[in-house]
Colleague: 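Pasting a structure below so you can have a look.
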Amino acid sequence: MKIQKSKAGLLLVAALAVGAAGCGSNGNDAASGEANQEKVTLEYYTWTDEADYMQKIVDAFNAQNGDIEVKMNTYSNNADEYNTKIMTNLSGGSEMDVYSMNGTAGLGLYASKNQLVDLTDRIKQANMDIGAYGPSYQDVTNVLTDGKYYALPYRTSQWALFYNKGLFDKAGIPYPDNLNWDEYAELAKTLTKGEGADKQWGGYFADWITAPLGALQKGSTILDDNLDDVADWLDYLDRIYEKDQSHMSYKQMKAESVDWIKQFESGNVAMLVNGEWTVNMLKADIAAGKTDIDYDMTLLPQPAGLNEPTTVGGVSTFMGINPRSKNQDAAFKFVQFATGEQGGSIIADSSVLPAYSNDKTKEAFLTATGLKGSAAFFEAKTIVENQPIPQIDEVNGVFGEQRDLFLFHEQDAKKTIETFMAQRQPILDK
């Protein structure tokens, strides 16, 4: 599951600034410390939703390395809480060895505050295949860290369309495939029926999905000077929420704190726009007997006229080394394992999309999901969801606030865009 985003970027800047000075570590000291130890113990930190498959990676690594023992520690899924605790460790001089980061903004901020070891030379010496992480990783690295590698990705994200096969079969409608956004909206209207407890929604678009997916697919972002595509996307959301009433309304989702996965699992939602983490969550709930939903997935709906199948996502979860670690050689060995083919295959076996992509990890993922449509993750061009600048979390926050006002019908699209651009500029000027 995607770690919940909020104002973590702001907290990160504030807290890391306290401990930024003097956080560098001498590589020779680290190597000397490791040489004096018979067995190195590494402390690795991540958030709770990662525990299942990351523990499998830790166990596999430990089994192959008798001279190193990795111990995994987990903090809350909540982005504020997780980042605050990691920040406290870093600014307090903790010698924790390895930690995970969610999102490109987090990577940029940790790197900019000297809280990550520069892995560039180690990666070159290890002859690692950086190309296996796809073009989005290089794009992120070029913008955030001037081409230097301060962390390696182990998960990637992509948006897709999930659907309830039973509801389509009952309606006698073919399963969705290669839809554009207008076709999706019309199909959702057709599949919406009933009232109250018997209400069946044609689609579900969660209130926390802030990214303007359709605009991003066209190559537009919320950082652009011209935000016409973003405004069009806002109008589209208002269409499916309010005009068509084919999706649970934005107001209802916000007011009732609706659990999106439970809505889909309950069997009263025909189509669900969501990310690749949905597969892992559904499989876990089916195995636990919480649902018996018969579902599959396909490519995210496309803007009309787009020539190349395109989705949104990119490398999303990273692993790096604390400069204060006294065990940097051993830490890099673990990072290399976790983010490479072996770790990627373990992640894929859990129906989670690994950042490291080759034939082995692809086959592992397709086999694990058991979904015909999961091949869609490997067939589309992927546009980066969050632009790789340190201020992106803050910009996203401002955009989300204005988006709320629009979807609550407190202001029109023109006012929304104008206000957002005015509030965005001071953030970008920092």
Side-chain angles (χ1 to χ4, degrees), residues 2 9 98-159 211 213 215-224 275-276 300 308-321 332 334-345 347-348 352-362 365 376-393 395-396:
K2 203 175 201 178
V98 181
Y99 61 100
S100 290
M101 293 150 277
N102 182 271
T104 55
L107 169 60
L109 287 167
Y110 280 109
S112 69
K113 298 302 177 181
N114 301 317
Q115 301 290 3
L116 289 166
V117 172
D118 183 351
L119 304 178
T120 307
D121 289 341
R122 293 179 186 268
I123 288 171
K124 289 179 180 177
Q125 291 168 8
N127 197 29
M128 292 185 65
D129 180 14
I130 295 300
Y133 299 116
S136 67
Y137 177 56
Q138 198 61 57
D139 291 342
V140 165
T141 301
N142 288 340
V143 175
L144 283 179
T145 56
D146 294 325
K148 293 184 178 180
Y149 304 111
Y150 285 92
L152 288 169
Y154 62 91
R155 280 183 50 196
T156 191
S157 292
Q158 285 191 19
W159 293 90
L213 301 180
L216 288 166
Q217 287 172 299
K218 292 180 179 180
S220 299
T221 81
I222 60 173
L223 300 182
D224 292 345
E276 95 292 330
L300 185 70
E308 182 179 10
T310 303
T311 187
V312 176
V315 289
S316 59
T317 312
F318 302 86
M319 185 180 288
I321 301 171
F332 180 72
F334 172 61
V335 171
Q336 186 178 4
F337 178 90
T339 62
E341 181 181 85
Q342 289 176 283
S345 295
I347 291 172
V352 176
L353 202 59
Y356 192 94
S357 180
N358 64 10
D359 290 342
K360 184 176 180 180
T361 59
K362 288 179 184 178
F365 180 79
F377 286 130
F378 305 105
E379 296 170 352
K381 173 184 175 183
T382 302
I383 300 294
V384 174
E385 177 177 342
N386 285 302
Q387 301 309 296
I389 63 169
Q391 308 100 312
I392 193 61
D393 275 352
V395 174
N396 280 337

Colleague: In terms of side-chain heavy atoms, does Ser100 have a donor or acceptor partner in Tyr154 at a distance below 3.5 Å?
Modeller: yes
Colleague: Rounded at 0.5 Å granularity, tell me how far CG in Leu152 sits from CG in Leu119.
Modeller: 6.0 Å
Colleague: Supply the atom-to-atom distance Thr361 OG1 to Leu353 CG, rounded to the nearest 0.5 angstrom.
Modeller: 8.5 Å
Colleague: Tell me the closest heavy-atom pair linking Gln217 and Thr311, and the distance in Å.
Modeller: NE2-CA, 4.4 Å
Colleague: About how many Å separate CD1 of Ile383 and OG1 of Thr221, when rounded to the nearest 0.5 Å?
Modeller: 11.0 Å
Colleague: Say you draw a straight line from CD1 of Ile392 to CD1 of Ile222; how long is it, rounded to the nearest 0.5 Å?
Modeller: 4.5 Å
Colleague: To the nearest 0.5 Å, what is the distance between CG on Leu216 and CD on Gln387?
Modeller: 7.0 Å
Colleague: Mind checking whether Ile347 and Tyr356 have side chains closer than 4.5 Å, heavy atoms only?
Modeller: no
Colleague: Kindly write out the residues that satisfy salt bridge (charged side-chain N to carboxylate O under 4.0 Å, His left out) with Lys362, not counting sequence neighbours, or none if the list is empty.
Modeller: none
Colleague: CG/Leu300 to CZ/Phe377 distance, rounded to the nearest 0.5 angstrom?
Modeller: 10.0 Å
Colleague: Any luck finding a side-chain donor-acceptor pair between Ser136 and Asp139 under 3.5 Å?
Modeller: no
Colleague: Compare every heavy atom of Pro354 with every heavy atom of Thr156, then report the nearest pair and how far apart it is.
Modeller: CG2-O, 3.4 Å
Colleague: State which residues pass ring-ring contact (aromatic ring centres under 6.0 Å, His included) with Tyr99; sequence neighbours excluded, sorted by chain then number.
Modeller: Tyr110
Colleague: Looking at every heavy atom in both Met101 and Met319, which two are closest together, and how far apart are they?
Modeller: CE-C, 3.8 Å
Colleague: Only counting residues at least two apart or in another chain, list the ones meeting salt bridge (charged side-chain N to carboxylate O under 4.0 Å, His left out) with Lys360.
Modeller: Glu341
Colleague: Minimum heavy-atom separation for Val312 to Thr382, with atom names?
Modeller: C-CG2, 4.1 Å
Colleague: Has the side chain of Thr317 got a donor or acceptor atom that lies under 3.5 Å from a matching backbone atom of Asn102?
Modeller: no
Colleague: Tyr137 and Tyr149: aromatic ring centres closer than 6.0 Å?
Modeller: yes
Colleague: Answer yes or no: is there a donor N or O on one side and an acceptor on the other, between the side chain of Glu276 and the main chain of Gln158, under 3.5 Å?
Modeller: yes
Colleague: Given Phe332 and Ile123, is the side-chain contact (heavy atoms from CB on, under 4.5 Å) satisfied, shown in steps?
Modeller: CA-CA 9 Å; Phe332 180 72; Ile123 288 171; 4.1 Å; yes
Colleague: For Trp159 and Gly275, work out which heavy atoms get closest and say how close.
Modeller: CE3-N, 3.6 Å
